[in-house]
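Right, one structure below, let's go through it.
Throughout, residue positions are numbered sequentially from 1 according to the sequence presented.
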Amino acid sequence: MDSNAMRDEVRDFLASRRSRITPEQAGLPVYGGNRRVKGLRREELAMLAGVSVDYYTRLERGHLGGASDSVLDAIARALQLDEAETQHLFDLARAAGSAPARARRRSSQPRVRASVQAMLDAMTGAPAVVRNDRLDILASNPLGRALYSELYRDPVRPANHARFAFLDARARDFWVDWERAANDTVGVLRAAAGRNPYDKALTALVGELSTRSEDFRTRWATHHVHLHLGGAKLINHPVVGRLELMYDTLELPADPGLTMLVYTAEPASPSADALTLLASWAASDSSEPAPAADRP
């Protein structure tokens, strides 16, 4: 992403958030009924944030670099941003103030360390995978690979959640709520793009999905961002049927950009029984082991 594209990203994000807030929602009086602007005007947002109109206009035009944390906090409050959106705003400001060359050095592909793979393999009762910001699955334990067996049917490596969600027709059966899964997937990628807009592999993935999927392209244009920290996952698995799982995302501090996702089921539930069945299927599956590309 070049500097012009970076400014466009900032402009579109701020403008989209400003347009969704009505004066009534912001607690402002409304005079007359013929507003030509959808949502708040720039001068109204600037007043709510406690900055000058000229300064806010400059920020919305993409010049976030140098904005203080207090100003960003004020704008986040005025725009009524949630946690993910606020983090995205700060990430955009940080990226806007970084030199592209320095940002590129941070985007080098991390590798899964042997100790992390050993930790995965030690988890025998819960599916677990390690992925990067682009939603590539870089490593897994056998149960994690079995859980996402549908993703591995695509010969492209590494297996990728976003590519599966938008380019594989089976995804709509695999995810019980495909719409939510699709929105969350795009939100995770959008947040990643804000953290590191100079990640060439991420830019290439977004370009591929935008070209090949209208569903992705429409969602990408909304600038929705999502923090994938934990929650429920509903899956229609082709081997064991419906799975209602809980998941938690664990940061790997020694491996920036990598996270471990661990999935568990309610004890003594049908999903717990299904996981036991899935483990048996994974142990008896005669397919070839994961290629080296999946376990760098």
Side-chain angles (χ1 to χ4, degrees), residues 109-165 168 170-171 173-178 180-181 184-185 188-189 192 228-255 257-267 269-296:
Q109 174 62 57
R111 300 179 67 83
V112 177
R113 291 176 293 117
S115 61
V116 174
Q117 183 63 59
M119 181 165 42
L120 286 171
D121 293 337
M123 298 181 188
T124 57
V129 301
V130 170
R131 73 178 192 196
N132 59 19
D133 285 344
R134 296 186 293 275
L135 302 183
D136 294 325
I137 299 179
L138 300 180
S140 69
N141 62 4
L143 197 49
R145 184 178 175 86
L147 178 66
Y148 285 122
S149 58
E150 290 292 270
L151 277 71
Y152 284 98
R153 291 176 64 178
D154 186 339
V156 177
R157 292 291 180 269
N160 182 273
H161 283 274
R163 196 173 282 114
F164 173 72
D168 194 322
R170 290 169 301 185
D173 293 326
F174 185 77
W175 303 117
V176 173
D177 187 347
W178 179 85
R180 178 178 177 180
D184 288 351
T185 296
V188 169
L189 290 182
H228 204 64
L229 303 179
K233 190 78 68 176
L234 301 179
I235 291 173
N236 281 321
H237 196 277
V239 175
V240 299
R242 185 184 177 102
L243 288 166
E244 299 183 7
L245 303 176
M246 301 170 286
Y247 74 91
D248 286 280
T249 303
L250 311 176
E251 297 291 336
L252 300 177
D255 304 296
L258 298 188
T259 53
M260 180 182 295
L261 283 83
V262 181
Y263 302 85
T264 55
E266 191 72 28
S269 66
S271 291
D273 294 337
L275 277 186
T276 300
L277 179 60
L278 185 63
S280 298
W281 175 75
S284 62
D285 184 20
S286 60
S287 62
E288 295 182 5
D294 290 346
R295 301 167 62 138

- Query: Is there a donor-acceptor pair closer than 3.5 Å between any side-chain N or O of R145 and the backbone N or O of V129?
  - Reply: no
- Is a side-chain N or O of H237 found less than 3.5 angstrom from the main chain of S149, in a donor-acceptor match? no
- Are the ring centres of Y148 and F164 closer than 6.0 Å? no
- Message: Using the side-chain contact (heavy atoms from CB on, under 4.5 Å) definition, which of the options T259, V112, L258 pairs with L252?
- Response: L258
- Query: Quick one: are P142 and T124 in side-chain contact, heavy atoms under 4.5 Å?
  - Reply: no
- Closest heavy-atom pair and its distance - P158, R163: O-NH1, 4.3 Å
- Are any non-hydrogen side-chain atoms of L275 and L245 less than 4.5 angstrom apart? yes
- Can any side-chain N or O of N236 pair as donor or acceptor with the backbone N or O of D173 at less than 3.5 Å? yes
- Message: Could you check whether any side-chain N or O of D177 sits under 3.5 Å from a backbone N or O of R180, counting only pairs where one atom can act as donor and the other as acceptor?
- Response: yes
- Atom CZ of R170 with >12 non-hydrogen neighbours under 6.0 angstrom: yes
- Item | Gap between atom NE2 of H161 and atom CH2 of W175 - 0.5 Å precision | 6.0 Å
- Task: Without swapping roles, check the side chain of N141 against the backbone of A126 for a donor-acceptor pair under 3.5 Å.
- Result: yes
- For side chain to side chain contact (heavy atoms under 4.5 Å, CB included), just list the numbers for L147 and Y263, CA-CA rounded to whole Å, side-chain angles, deciding distance to a tenth of an Å, and then say yes or no. CA-CA 9 Å; L147 178 66; Y263 302 85; 3.9 Å; yes
- Query: Which pair of heavy atoms, one from L234 and one from E244, lies closest together, and at what distance?
  - Reply: CD2-CG, 3.5 Å
- Between OH on residue Y247 and NZ on residue K233, distance to nearest 0.5 Å: 5.0 Å
- Which distance, rounded to the nearest 0.5 Å, do you find between the CE of M246 and the OG of S271? 9.0 Å
- Message: Are R242 and P270 packed together at the side-chain level, in the sense that at least one heavy-atom pair is separated by less than 4.5 angstrom?
- Response: no
- Heavy-atom closest pair, residues W178 and A165: NE1-O, 3.1 Å
- Query: Measuring from H228:NE2 to D184:CG, what's the distance to the nearest 0.5 Å?
  - Reply: 7.0 Å
- Message: Whether the D136 and N160 side chains hold a donor-acceptor pair (N or O, under 3.5 Å, no angle test) is what I'd like checked.
- Response: yes
- From L278 CG over to D273 CG, what is the distance, rounded to the nearest 0.5 angstrom? 12.5 Å
- Distance-only, no hydrogens or angles: does the Q117 side chain make a donor-acceptor pair with backbone N or O of S140 under 3.5 Å? yes
- Output for pair (I137 CD1, N132 CG), nearest 0.5 Å, gives 10.0 Å
- Taking the side chain from D133 and the backbone from A192, do they hold a donor-acceptor pair closer than 3.5 Å? no
